[in-house]
Undergrad: 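Have a look at this one before I ask anything.
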Amino acid sequence: MKKASIIFLLLASLFSCNKSEKDNTIRKEPIIVAFGFMLNHFDVVQDTIRDGDTFGSILEKQNLGKLKVYDIVEKVKDTFDVRLMRIDKPYTILRSKGKSKKIRAFIYQPDRLSYYVIDLKDSIKVYKHIEPVTIRRRTIAGKLDGSLSETLVKKGVDGALAVSISKVYAWSIDFFKLQKGDKFAVTFTERYINDSIYDGVDSLKCSFFEYKGKLIYAFPFSQDPNSNKLEYFDEEGKALKNFFLKAPLKYVNITSRYSKNRFHPVQQIWKAHKGTDYAAPYGAPIMTTASGVVEQTGFTAGNGNFVKIKHNKTYSTQYLHMSKIIARRGKRVNQGDIIGKVGSTGLATGPHVCYRFWKNGVQVDALRLKLPNSEPMNKKNLPKFLEQIAPLKKELDRVAALEFKR
(Lines give C-alpha, C1' and ligand atoms only; values in the text may rest on other atoms or scores of the structure.)
Protein backbone atom coordinates (compact mmCIF):
# COMPACT_ATOMS: atom_id res chain seq x y z
CA MET A 1 0.00 0.00 0.00
CA LYS A 2 2.82 2.34 0.90
CA LYS A 3 4.52 1.52 -2.40
CA ALA A 4 1.33 2.27 -4.32
CA SER A 5 1.02 5.61 -2.55
CA ILE A 6 4.55 6.56 -3.54
CA ILE A 7 3.84 5.65 -7.20
CA PHE A 8 0.63 7.74 -7.10
CA LEU A 9 2.48 10.73 -5.69
CA LEU A 10 5.17 10.45 -8.35
CA LEU A 11 2.56 10.30 -11.13
CA ALA A 12 0.71 13.25 -9.64
CA SER A 13 3.96 15.18 -9.43
CA LEU A 14 4.79 14.43 -13.08
CA PHE A 15 1.27 15.42 -14.19
CA SER A 16 1.55 18.59 -12.17
CA CYS A 17 4.93 19.41 -13.68
CA ASN A 18 3.70 18.74 -17.23
CA LYS A 19 0.65 20.91 -16.62
CA SER A 20 2.85 23.63 -15.17
CA GLU A 21 5.18 23.42 -18.16
CA LYS A 22 2.20 23.67 -20.53
CA ASP A 23 0.87 26.65 -18.60
CA ASN A 24 4.26 28.32 -18.82
CA THR A 25 4.38 27.63 -22.54
CA ILE A 26 1.00 29.30 -22.99
CA ARG A 27 2.01 32.25 -20.86
CA LYS A 28 5.24 32.68 -22.82
CA GLU A 29 3.44 33.24 -26.13
CA PRO A 30 4.61 36.69 -27.25
CA ILE A 31 2.00 39.41 -27.39
CA ILE A 32 2.12 41.18 -30.74
CA VAL A 33 0.58 44.63 -31.01
CA ALA A 34 0.42 46.58 -34.26
CA PHE A 35 -1.85 49.25 -35.73
CA GLY A 36 -3.58 49.50 -32.35
CA PHE A 37 -4.68 45.82 -32.39
CA MET A 38 -3.47 42.77 -30.47
CA LEU A 39 -2.70 40.58 -33.45
CA ASN A 40 -2.81 37.40 -31.34
CA HIS A 41 -6.60 37.70 -31.36
CA PHE A 42 -6.85 37.56 -35.17
CA ASP A 43 -6.05 35.53 -38.23
CA VAL A 44 -3.60 37.92 -39.90
CA VAL A 45 -3.10 38.29 -43.67
CA GLN A 46 -0.28 40.53 -44.87
CA ASP A 47 0.36 41.34 -48.52
CA THR A 48 1.17 44.16 -50.94
CA ILE A 49 -0.93 45.79 -53.63
CA ARG A 50 -0.28 44.09 -56.95
CA ASP A 51 -0.90 45.14 -60.53
CA GLY A 52 -4.62 44.87 -61.18
CA ASP A 53 -5.60 44.90 -57.50
CA THR A 54 -8.32 47.24 -56.31
CA PHE A 55 -9.82 47.81 -52.90
CA GLY A 56 -12.95 46.02 -54.10
CA SER A 57 -11.15 43.02 -55.60
CA ILE A 58 -9.18 42.50 -52.38
CA LEU A 59 -12.20 42.71 -50.08
CA GLU A 60 -14.47 40.59 -52.28
CA LYS A 61 -12.17 37.63 -51.59
CA GLN A 62 -12.88 38.01 -47.85
CA ASN A 63 -15.89 36.98 -45.73
CA LEU A 64 -17.65 40.33 -45.43
CA GLY A 65 -20.76 38.91 -43.80
CA LYS A 66 -23.63 41.34 -44.43
CA LEU A 67 -21.30 44.17 -45.44
CA LYS A 68 -21.04 45.38 -49.04
CA VAL A 69 -17.88 46.79 -50.65
CA TYR A 70 -19.82 49.76 -52.02
CA ASP A 71 -21.14 50.66 -48.56
CA ILE A 72 -17.62 50.49 -47.11
CA VAL A 73 -16.19 52.72 -49.86
CA GLU A 74 -18.95 55.29 -49.37
CA LYS A 75 -18.47 55.31 -45.61
CA VAL A 76 -14.71 55.84 -45.69
CA LYS A 77 -14.24 58.07 -48.78
CA ASP A 78 -13.94 61.35 -46.83
CA THR A 79 -10.95 59.98 -44.90
CA PHE A 80 -9.51 57.33 -47.20
CA ASP A 81 -9.82 57.52 -50.99
CA VAL A 82 -9.38 53.85 -51.96
CA ARG A 83 -8.52 54.89 -55.55
CA LEU A 84 -5.18 56.22 -54.29
CA MET A 85 -3.85 52.80 -53.27
CA ARG A 86 -0.60 52.12 -55.12
CA ILE A 87 1.24 49.03 -56.34
CA ASP A 88 3.80 47.54 -53.90
CA LYS A 89 2.32 49.33 -50.87
CA PRO A 90 1.62 46.93 -47.95
CA TYR A 91 -1.76 46.11 -46.48
CA THR A 92 -2.93 43.94 -43.60
CA ILE A 93 -6.26 42.15 -43.15
CA LEU A 94 -7.39 41.05 -39.69
CA ARG A 95 -9.88 38.18 -39.67
CA SER A 96 -11.64 36.35 -36.88
CA LYS A 97 -10.14 33.07 -35.80
CA GLY A 98 -12.05 29.88 -36.51
CA LYS A 99 -13.83 28.60 -39.59
CA SER A 100 -15.66 31.78 -40.58
CA LYS A 101 -12.57 34.00 -40.81
CA LYS A 102 -14.80 37.05 -40.99
CA ILE A 103 -12.96 40.25 -41.85
CA ARG A 104 -12.53 42.56 -38.87
CA ALA A 105 -10.21 45.26 -40.15
CA PHE A 106 -8.32 46.42 -43.25
CA ILE A 107 -5.09 48.42 -42.83
CA TYR A 108 -3.28 50.19 -45.68
CA GLN A 109 0.19 51.73 -45.38
CA PRO A 110 0.89 54.45 -47.99
CA ASP A 111 4.29 55.16 -46.44
CA ARG A 112 6.43 54.38 -43.41
CA LEU A 113 4.99 57.21 -41.37
CA SER A 114 1.27 56.57 -41.64
CA TYR A 115 -1.47 54.02 -42.12
CA TYR A 116 -5.24 53.92 -42.60
CA VAL A 117 -7.45 51.61 -40.54
CA ILE A 118 -10.91 50.53 -41.68
CA ASP A 119 -12.40 48.93 -38.57
CA LEU A 120 -15.25 46.55 -39.45
CA LYS A 121 -15.81 44.84 -36.10
CA ASP A 122 -19.10 46.41 -35.05
CA SER A 123 -19.73 49.13 -37.61
CA ILE A 124 -17.70 50.76 -40.35
CA LYS A 125 -15.14 53.13 -38.87
CA VAL A 126 -12.08 54.67 -40.51
CA TYR A 127 -9.15 56.73 -39.26
CA LYS A 128 -5.62 57.70 -40.24
CA HIS A 129 -2.71 57.27 -37.88
CA ILE A 130 0.58 59.15 -38.26
CA GLU A 131 3.56 57.72 -36.42
CA PRO A 132 5.50 60.13 -34.20
CA VAL A 133 8.83 61.22 -35.65
CA THR A 134 11.87 62.19 -33.59
CA ILE A 135 14.55 64.43 -35.08
CA ARG A 136 18.09 63.88 -33.85
CA ARG A 137 21.05 66.13 -34.55
CA ARG A 138 24.54 64.89 -35.33
CA THR A 139 27.91 66.42 -36.28
CA ILE A 140 30.65 64.39 -37.94
CA ALA A 141 34.06 65.21 -39.39
CA GLY A 142 36.46 63.24 -41.50
CA LYS A 143 38.68 62.96 -44.53
CA LEU A 144 37.55 61.82 -47.95
CA ASP A 145 38.20 58.14 -48.59
CA GLY A 146 36.68 57.41 -51.97
CA SER A 147 33.59 59.33 -53.07
CA LEU A 148 31.73 61.55 -50.63
CA SER A 149 28.85 59.06 -50.52
CA GLU A 150 31.20 56.15 -49.79
CA THR A 151 32.97 58.15 -47.08
CA LEU A 152 29.68 59.02 -45.36
CA VAL A 153 28.50 55.41 -45.43
CA LYS A 154 31.76 54.33 -43.79
CA LYS A 155 30.96 56.77 -40.99
CA GLY A 156 27.51 55.27 -40.50
CA VAL A 157 25.63 58.05 -42.33
CA ASP A 158 23.00 57.60 -45.02
CA GLY A 159 24.77 58.17 -48.36
CA ALA A 160 21.77 60.26 -49.46
CA LEU A 161 23.25 63.13 -47.44
CA ALA A 162 25.88 63.42 -50.18
CA VAL A 163 23.16 64.53 -52.61
CA SER A 164 22.08 67.37 -50.31
CA ILE A 165 25.67 68.45 -49.80
CA SER A 166 26.51 68.38 -53.52
CA LYS A 167 23.47 70.59 -54.28
CA VAL A 168 24.57 73.18 -51.73
CA TYR A 169 28.10 73.28 -53.12
CA ALA A 170 27.20 72.75 -56.81
CA TRP A 171 28.15 76.35 -57.59
CA SER A 172 31.40 76.54 -55.64
CA ILE A 173 33.01 73.07 -55.58
CA ASP A 174 33.79 70.64 -58.38
CA PHE A 175 33.42 67.38 -56.46
CA PHE A 176 35.42 65.54 -59.10
CA LYS A 177 38.45 67.61 -58.15
CA LEU A 178 38.24 66.74 -54.47
CA GLN A 179 41.12 64.53 -53.44
CA LYS A 180 41.53 61.68 -51.01
CA GLY A 181 42.34 63.12 -47.60
CA ASP A 182 40.46 66.40 -48.10
CA LYS A 183 38.79 67.39 -44.84
CA PHE A 184 35.12 68.01 -44.18
CA ALA A 185 32.67 68.45 -41.31
CA VAL A 186 28.88 68.29 -41.43
CA THR A 187 26.06 68.98 -39.00
CA PHE A 188 22.75 67.40 -40.00
CA THR A 189 19.55 65.95 -38.59
CA GLU A 190 18.08 62.46 -38.96
CA ARG A 191 14.53 61.13 -38.62
CA TYR A 192 13.50 58.26 -36.34
CA ILE A 193 9.99 56.76 -36.39
CA ASN A 194 8.68 56.00 -32.91
CA ASP A 195 12.09 57.09 -31.63
CA SER A 196 13.62 53.82 -32.82
CA ILE A 197 13.25 53.14 -36.57
CA TYR A 198 15.78 55.05 -38.67
CA ASP A 199 14.06 56.95 -41.51
CA GLY A 200 16.93 58.76 -43.19
CA VAL A 201 18.50 62.22 -43.25
CA ASP A 202 16.16 65.10 -42.50
CA SER A 203 18.17 68.23 -43.32
CA LEU A 204 21.66 69.70 -43.65
CA LYS A 205 22.36 72.31 -40.96
CA CYS A 206 25.87 73.43 -41.86
CA SER A 207 29.17 72.15 -43.18
CA PHE A 208 32.64 72.91 -44.43
CA PHE A 209 34.75 71.29 -47.15
CA GLU A 210 38.41 71.62 -47.92
CA TYR A 211 38.70 72.61 -51.58
CA LYS A 212 42.00 73.58 -53.18
CA GLY A 213 43.49 74.17 -49.74
CA LYS A 214 40.65 76.39 -48.50
CA LEU A 215 37.79 75.60 -46.12
CA ILE A 216 34.46 76.53 -47.72
CA TYR A 217 31.69 76.84 -45.12
CA ALA A 218 27.96 76.63 -45.82
CA PHE A 219 25.25 77.96 -43.50
CA PRO A 220 21.53 78.17 -44.36
CA PHE A 221 19.78 81.49 -43.83
CA SER A 222 16.47 83.07 -44.83
CA GLN A 223 16.74 86.77 -45.61
CA ASP A 224 12.98 87.20 -45.69
CA PRO A 225 11.32 86.50 -42.31
CA ASN A 226 8.02 85.88 -44.11
CA SER A 227 9.50 83.23 -46.38
CA ASN A 228 10.73 79.68 -45.78
CA LYS A 229 13.21 79.97 -48.63
CA LEU A 230 16.72 79.16 -47.43
CA GLU A 231 19.93 80.10 -49.20
CA TYR A 232 23.45 79.06 -48.23
CA PHE A 233 26.20 81.51 -47.36
CA ASP A 234 29.81 81.17 -46.22
CA GLU A 235 31.07 82.31 -42.81
CA GLU A 236 31.35 85.90 -44.05
CA GLY A 237 27.82 86.01 -45.46
CA LYS A 238 28.81 85.61 -49.10
CA ALA A 239 26.33 83.59 -51.21
CA LEU A 240 27.51 80.14 -52.30
CA LYS A 241 24.97 79.84 -55.07
CA ASN A 242 25.87 81.22 -58.47
CA PHE A 243 23.26 82.10 -61.03
CA PHE A 244 24.55 79.21 -63.19
CA LEU A 245 25.65 75.67 -62.42
CA LYS A 246 29.22 74.90 -63.35
CA ALA A 247 28.17 72.17 -65.79
CA PRO A 248 25.00 70.64 -67.27
CA LEU A 249 25.89 67.15 -65.99
CA LYS A 250 26.31 65.70 -62.52
CA TYR A 251 29.44 63.81 -63.53
CA VAL A 252 31.61 65.83 -65.87
CA ASN A 253 34.53 64.98 -68.10
CA ILE A 254 35.60 67.86 -70.37
CA THR A 255 36.87 66.50 -73.67
CA SER A 256 36.99 69.72 -75.70
CA ARG A 257 36.97 73.37 -74.64
CA TYR A 258 35.83 76.57 -76.28
CA SER A 259 38.31 77.44 -79.03
CA LYS A 260 38.57 79.85 -81.96
CA ASN A 261 40.39 77.19 -83.97
CA ARG A 262 39.95 73.46 -83.35
CA PHE A 263 40.41 70.45 -85.63
CA HIS A 264 36.89 69.02 -86.02
CA PRO A 265 37.01 65.23 -85.38
CA VAL A 266 34.20 64.48 -87.87
CA GLN A 267 34.60 67.12 -90.60
CA GLN A 268 38.39 66.84 -90.44
CA ILE A 269 38.89 70.60 -90.82
CA TRP A 270 40.07 73.44 -88.62
CA LYS A 271 37.21 75.64 -87.38
CA ALA A 272 35.99 77.47 -84.29
CA HIS A 273 34.45 75.42 -81.48
CA LYS A 274 32.14 77.77 -79.61
CA GLY A 275 31.21 75.48 -76.76
CA THR A 276 32.46 73.06 -74.12
CA ASP A 277 32.14 69.31 -74.70
CA TYR A 278 31.32 67.09 -71.72
CA ALA A 279 31.61 63.35 -72.34
CA ALA A 280 29.10 61.19 -70.46
CA PRO A 281 27.40 57.79 -70.74
CA TYR A 282 24.68 57.51 -73.35
CA GLY A 283 21.33 58.48 -71.83
CA ALA A 284 22.77 60.40 -68.86
CA PRO A 285 20.46 63.26 -67.79
CA ILE A 286 21.30 66.78 -69.00
CA MET A 287 20.36 69.65 -66.65
CA THR A 288 19.63 73.25 -67.41
CA THR A 289 22.34 75.28 -65.70
CA ALA A 290 19.94 78.10 -64.79
CA SER A 291 16.23 78.85 -64.71
CA GLY A 292 14.62 80.29 -67.81
CA VAL A 293 12.26 79.71 -70.74
CA VAL A 294 12.88 77.10 -73.44
CA GLU A 295 13.47 79.24 -76.52
CA GLN A 296 14.14 76.49 -79.09
CA THR A 297 14.15 72.72 -79.44
CA GLY A 298 14.84 70.76 -82.60
CA PHE A 299 17.36 69.02 -84.83
CA THR A 300 20.04 70.13 -87.24
CA ALA A 301 22.58 68.09 -89.15
CA GLY A 302 25.48 69.53 -87.15
CA ASN A 303 23.95 70.01 -83.69
CA GLY A 304 21.73 66.94 -83.63
CA ASN A 305 18.90 67.15 -81.11
CA PHE A 306 19.27 70.38 -79.14
CA VAL A 307 17.60 72.64 -76.58
CA LYS A 308 18.20 76.39 -76.21
CA ILE A 309 17.12 78.29 -73.08
CA LYS A 310 16.80 82.04 -72.58
CA HIS A 311 17.56 82.92 -68.95
CA ASN A 312 17.13 86.68 -69.04
CA LYS A 313 17.89 89.62 -71.31
CA THR A 314 21.61 88.93 -71.03
CA TYR A 315 22.18 85.16 -70.92
CA SER A 316 21.16 82.11 -72.98
CA THR A 317 22.49 78.54 -73.08
CA GLN A 318 22.27 75.68 -75.58
CA TYR A 319 22.72 71.90 -75.19
CA LEU A 320 23.59 69.81 -78.27
CA HIS A 321 23.76 66.17 -79.52
CA MET A 322 20.96 64.84 -77.26
CA SER A 323 19.63 61.33 -77.69
CA LYS A 324 16.27 62.56 -76.37
CA ILE A 325 14.71 65.98 -75.88
CA ILE A 326 12.60 66.29 -72.72
CA ALA A 327 12.07 70.06 -72.46
CA ARG A 328 9.22 71.65 -74.40
CA ARG A 329 9.43 74.92 -76.31
CA GLY A 330 7.86 77.87 -74.49
CA LYS A 331 7.89 76.12 -71.09
CA ARG A 332 9.68 77.51 -68.05
CA VAL A 333 12.39 75.36 -66.48
CA ASN A 334 14.12 75.67 -63.13
CA GLN A 335 17.83 75.37 -62.48
CA GLY A 336 18.78 71.68 -62.36
CA ASP A 337 15.69 70.45 -64.26
CA ILE A 338 16.33 67.56 -66.67
CA ILE A 339 15.88 68.87 -70.22
CA GLY A 340 17.25 65.94 -72.23
CA LYS A 341 19.49 62.86 -72.37
CA VAL A 342 23.09 62.55 -73.53
CA GLY A 343 23.52 61.20 -77.05
CA SER A 344 25.63 61.46 -80.19
CA THR A 345 23.19 62.89 -82.73
CA GLY A 346 24.48 65.29 -85.39
CA LEU A 347 28.23 65.61 -85.97
CA ALA A 348 29.56 63.65 -82.99
CA THR A 349 32.03 60.80 -82.54
CA GLY A 350 30.57 59.61 -79.23
CA PRO A 351 28.04 60.39 -76.51
CA HIS A 352 28.52 63.87 -75.08
CA VAL A 353 26.81 67.23 -74.65
CA CYS A 354 28.18 70.39 -76.25
CA TYR A 355 27.34 73.25 -73.90
CA ARG A 356 27.12 76.69 -75.51
CA PHE A 357 26.77 80.01 -73.75
CA TRP A 358 25.55 83.42 -74.97
CA LYS A 359 26.07 86.80 -73.32
CA ASN A 360 24.30 89.75 -74.95
CA GLY A 361 23.79 87.68 -78.09
CA VAL A 362 27.47 86.71 -78.47
CA GLN A 363 28.79 83.20 -77.86
CA VAL A 364 31.41 83.16 -75.09
CA ASP A 365 33.49 80.69 -73.12
CA ALA A 366 31.37 79.70 -70.13
CA LEU A 367 34.40 78.41 -68.20
CA ARG A 368 36.13 81.80 -68.35
CA LEU A 369 33.07 83.89 -67.63
CA LYS A 370 32.57 85.49 -64.21
CA LEU A 371 28.97 84.51 -63.62
CA PRO A 372 26.61 86.48 -61.36
CA ASN A 373 25.81 85.32 -57.85
CA SER A 374 22.36 84.82 -56.34
CA GLU A 375 20.89 87.57 -54.20
CA PRO A 376 23.70 88.84 -51.94
CA MET A 377 23.37 89.12 -48.19
CA ASN A 378 21.53 92.28 -47.25
CA LYS A 379 23.78 94.34 -44.97
CA LYS A 380 21.03 94.75 -42.40
CA ASN A 381 20.75 90.94 -42.14
CA LEU A 382 24.48 90.34 -41.66
CA PRO A 383 24.61 90.88 -37.84
CA LYS A 384 21.71 88.45 -37.33
CA PHE A 385 23.32 85.93 -39.69
CA LEU A 386 26.71 86.09 -37.93
CA GLU A 387 25.04 85.69 -34.54
CA GLN A 388 23.02 82.71 -35.80
CA ILE A 389 25.97 80.82 -37.30
CA ALA A 390 28.43 81.42 -34.44
CA PRO A 391 27.43 78.33 -32.39
CA LEU A 392 27.10 76.22 -35.55
CA LYS A 393 30.61 77.10 -36.72
CA LYS A 394 31.98 76.53 -33.23
CA GLU A 395 30.48 73.02 -33.17
CA LEU A 396 31.83 72.17 -36.62
CA ASP A 397 35.32 73.38 -35.73
CA ARG A 398 35.31 71.60 -32.35
CA VAL A 399 34.32 68.22 -33.79
CA ALA A 400 36.77 68.63 -36.66
CA ALA A 401 39.62 69.49 -34.28
CA LEU A 402 38.95 66.35 -32.23
CA GLU A 403 38.76 64.17 -35.33
CA PHE A 404 41.88 65.48 -37.04
CA LYS A 405 44.02 65.14 -33.90
CA ARG A 406 43.83 61.37 -34.26
Side-chain angles (χ1 to χ4, degrees), residues 8-135 190-200 202:
F8 175 79
L9 289 171
L10 286 171
L11 289 171
S13 175
L14 287 171
F15 177 78
S16 176
C17 288
N18 288 336
K19 184 178 180 181
S20 177
E21 288 175 5
K22 288 179 181 179
D23 289 343
N24 288 335
T25 302
I26 294 172
R27 284 197 295 268
K28 288 179 181 178
E29 182 183 355
I31 295 174
I32 303 173
V33 177
F35 313 116
F37 295 90
M38 189 178 291
L39 299 189
N40 308 64
H41 294 167
F42 301 94
D43 177 67
V44 181
V45 176
Q46 293 181 313
D47 207 338
T48 56
I49 306 295
R50 302 177 187 181
D51 189 21
D53 280 348
T54 65
F55 180 75
S57 68
I58 292 171
L59 259 64
E60 283 170 354
K61 297 175 185 177
Q62 305 300 320
N63 178 7
L64 293 173
K66 296 180 180 180
L67 295 172
K68 304 294 183 184
V69 172
Y70 174 81
D71 295 331
I72 297 172
V73 172
E74 283 297 303
K75 188 75 174 179
V76 307
K77 65 181 182 180
D78 291 338
T79 302
F80 175 36
D81 186 346
V82 299
R83 296 171 300 178
L84 298 180
M85 295 197 314
R86 294 292 180 259
I87 293 174
D88 294 331
K89 296 298 182 182
Y91 68 87
T92 302
I93 295 175
L94 304 183
R95 307 186 299 192
S96 61
K97 288 190 172 182
K99 293 183 179 180
S100 69
K101 287 188 168 41
K102 187 177 179 180
I103 188 168
R104 294 315 215 177
F106 176 87
I107 300 110
Y108 173 70
Q109 297 171 264
D111 52 57
R112 296 179 67 183
L113 293 178
S114 63
Y115 58 83
Y116 292 92
V117 174
I118 300 177
D119 191 331
L120 304 170
K121 293 196 298 295
D122 300 315
S123 60
I124 302 172
K125 299 176 184 177
V126 61
Y127 58 89
K128 181 180 182 180
H129 176 83
I130 300 176
E131 299 284 9
V133 176
T134 302
I135 303 296
E190 298 171 298
R191 298 182 303 274
Y192 286 84
I193 301 172
N194 281 324
D195 206 31
S196 59
I197 303 171
Y198 181 70
D199 191 47
D202 177 63

Undergrad: If you round to the nearest 0.5 Å, how far is CD1 of Ile58 from CG of Asp53?
TA: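 Taking CG in Asp53 and CD1 in Ile58, the distance rounds to 4.5 Å.
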Undergrad: Below 4.5 Å, heavy atoms only, C-beta onward: do Thr134 and Ile193 meet side chain to side chain?
TA: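 Thr134 vs Ile193: side chains apart.
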Undergrad: For the residue pair Ile72 and Leu59, establish whether any side-chain heavy-atom pair is separated by less than 4.5 Å.
TA: yes
Undergrad: Lys121: which residues meet the side-chain hydrogen bond (donor to acceptor under 3.5 Å, both in side chains) condition with it, sequence neighbours left out?
TA: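 Per chain and number, Lys121 pairs via side-chain hydrogen bond (donor to acceptor under 3.5 Å, both in side chains) with Asp119.
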Undergrad: What's the spacing between Ile107 CD1 and Gln46 CD if we round to 0.5 Å?
TA: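 Result: 9.0 Å between the selected atoms.
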Undergrad: Would the distance check show the side chain of Asp81 and the main-chain N or O of Arg83 forming a donor-acceptor pair, the cut-off being under 3.5 Å?
TA: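 Yes: the side chain of Asp81 pairs with the backbone of Arg83.
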Undergrad: Would you give the length of the straight line joining atom CE of Met85 to atom CD of Gln109, rounded to the nearest 0.5 angstrom?
TA: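 With rounding to 0.5 Å, CE (Met85) is 12.5 Å from CD (Gln109).
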Undergrad: When rounded to the nearest 0.5 angstrom, what is the spacing between CG in Leu120 and NZ in Lys75?
TA: 11.5 Å
Undergrad: With rounding to the nearest 0.5 angstrom, report the CD to NZ distance, Glu74 to Lys68.
TA: 15.5 Å
Undergrad: Indicate the atoms forming the closest heavy-atom contact of Ala34 with Leu39, along with that distance.
TA: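 Shortest heavy-atom separation between Ala34 and Leu39 comes out as CB-CD1, 3.9 Å.
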Undergrad: Determine whether Tyr91 and Ile49 make a side-chain contact, defined as any pair of heavy atoms from C-beta on separated by less than 4.5 Å.
TA: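 Sidechains of Ile49 and Tyr91: in contact.
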Undergrad: To the nearest 0.5 Å, tell me how far Ile103 CD1 sits from Lys61 NZ.
TA: 12.5 Å
Undergrad: Under the side-chain hydrogen bond (donor to acceptor under 3.5 Å, both in side chains) rule, collect the residues that match up with Asp71, sequence neighbours excluded.
TA: none
Undergrad: Which residue pairs pass the salt bridge (Lys or Arg N to Asp or Glu O under 4.0 Å) test when at least one of the two sits in residues 94-104, sequence neighbours left out?
TA: Asp43-Arg95
Undergrad: Output, in order, the C-alpha distance, side-chain angles, deciding distance and verdict of side-chain contact (heavy atoms from CB on, under 4.5 Å) for Val117 and Phe106.
TA: CA-CA 6 Å; Val117 174; Phe106 176 87; over 6 Å; no
Undergrad: Keeping Ser57 on the side-chain end and Thr54 on the backbone end, is there a donor-acceptor pair under 3.5 Å?
TA: yes
Undergrad: Going by side-chain hydrogen bond (donor to acceptor under 3.5 Å, both in side chains), name the residues that satisfy it together with Thr48, two or more places apart in sequence or in a different chain.
TA: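 Counting only residues at least two positions away or on another chain, Thr48 forms no side-chain hydrogen bond (donor to acceptor under 3.5 Å, both in side chains).
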Undergrad: With Phe35, which residues qualify under ring-ring contact (aromatic ring centres under 6.0 Å, His included), at least two apart?
TA: Tyr115
Undergrad: I'd like to know if Arg50 pairs up with Asp47 as an ion pair, taking the criterion as any Lys NZ or Arg NE/NH1/NH2 lying under 4.0 Å from an Asp or Glu carboxylate oxygen.
TA: yes
Undergrad: Does Phe55 reach the side chain of Val73, with side-chain heavy atoms less than 4.5 Å apart?
TA: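 The answer is yes, as the side chains (C-beta and beyond) meet within the 4.5 Å cut-off.
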Undergrad: Check whether any side-chain heavy atom of Val69 sits under 4.5 Å from a side-chain heavy atom of Glu60, and report yes or no.
TA: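 Heavy-atom side-chain distance check passes, below 4.5 Å.
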Undergrad: So do the side chains of His41 and Leu94 get within less than 4.5 Å of each other, counting heavy atoms only?
TA: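 Result no, sub-4.5 Å side-chain heavy-atom pair not found.
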Undergrad: Would you sort out whether Lys125 and Ile118 count as a side-chain contact (heavy atoms from CB on, under 4.5 Å), showing the intermediate values?
TA: CA-CA 6 Å; Lys125 299 176 184 177; Ile118 300 177; over 6 Å; no
Undergrad: Can you tell if the side chain of Lys128 reaches within under 4.5 Å of the side chain of Ser114, non-hydrogen atoms only?
TA: yes
Undergrad: Check whether any side-chain heavy atom of Ile135 sits under 4.5 Å from a side-chain heavy atom of Glu190, and report yes or no.
TA: no
Undergrad: Test: ring-ring contact (aromatic ring centres under 6.0 Å, His included). Region: residues 62-82. Which pairs qualify, not counting sequence neighbours?
TA: Phe80-Tyr108, Phe80-Tyr116
Undergrad: Looking at Asp111 and Leu113, what are the two nearest heavy atoms and their distance?
TA: OD1-N, 2.9 Å
